[in-house]
Amino acid sequence: MPEGKKVRIRVRTVNCTYVGDFLIPPMRNRVSDAINEEQRLFINLTDVLINDKDRSDFVAINKNLIESIAQL
């Protein structure tokens with residue numbers, strides 16, 4: 001089991017809205033700290049609800065497609 005803090009977030013892209021669990025690494029405190037890492041090209045979500053109807057165990061979202069992120 002990876003260490004860190006799991007938080008529920010909503011990610012809006014041009015085409016979809018994703019609600020899922022995001023793992024904040026132990027050396028980071030906030031979602032924005034983890035997402036703004038330059039070497040991170042994708043964010044990974046688990047237990048994901050896509051457009052309020054479809055479910056997926058895992059989704060990787062390209063950061064360049066993200067319009068907004070909100071912690072729930």
If you define the side chain from C-beta out and look only at heavy atoms, does anything of V7 sit under 4.5 Å from D21? no
A quick test of your reading: do over 12 heavy atoms of other residues, nucleotides or ligands sit less than 6.0 Å from CG of N62? yes
Sub-4.5 Å side-chain heavy-atom contact between I69 and R10: no
Cluster question for you: counting only ILVMFWY and a side-chain heavy-atom cut-off of under 4.5 Å, with indirect links fine, are V11 and L49 together? no
Please report the shortest heavy-atom distance between N44 and A60, naming the atom on each side. OD1-CB, 3.6 Å
Heavy atoms from other residues, nucleotides or ligands near CG of N51 exceed 12 (cutoff 6.0 Å): yes
Would you find more than 12 non-hydrogen atoms of other residues, nucleotides or ligands less than 6.0 Å from R30 atom CZ? no
For the residue pair R8 and T46, what are the closest heavy atoms and their distance? NH1-O, 4.0 Å
Are side-chain heavy atoms of F42 and I61 found at a separation under 4.5 Å? no
For residues D47 and R55, report the shortest heavy-atom separation together with the two atoms involved. OD1-NH1, 4.0 Å
Shortest non-hydrogen contact from I43 toward I66: CD1-CD1, 3.9 Å
If you count every heavy atom of other residues, nucleotides or ligands that lies below 6.0 Å from E38 atom CD, does the total exceed 12? no
Min side-chain heavy-atom separation E37-R28 under 4.5 Å: yes
Do F22 and I50 belong to the same hydrophobic cluster, where Ile, Leu, Val, Met, Phe, Trp and Tyr are linked whenever their side-chain heavy atoms lie under 4.5 Å apart, directly or via other members? yes
Supply the atom-to-atom distance I24 CD1 to I35 CD1, rounded to the nearest 0.5 angstrom. 8.5 Å
Are V48 and L23 connected in the hydrophobic side-chain network, where two residues link if heavy atoms are under 4.5 Å apart? no
Any donor-acceptor pair under 3.5 Å linking the side chain of K63 with the backbone of R40? yes
Rounded distance [0.5 Å steps], OG1 in T13 versus OH in Y18: 4.5 Å
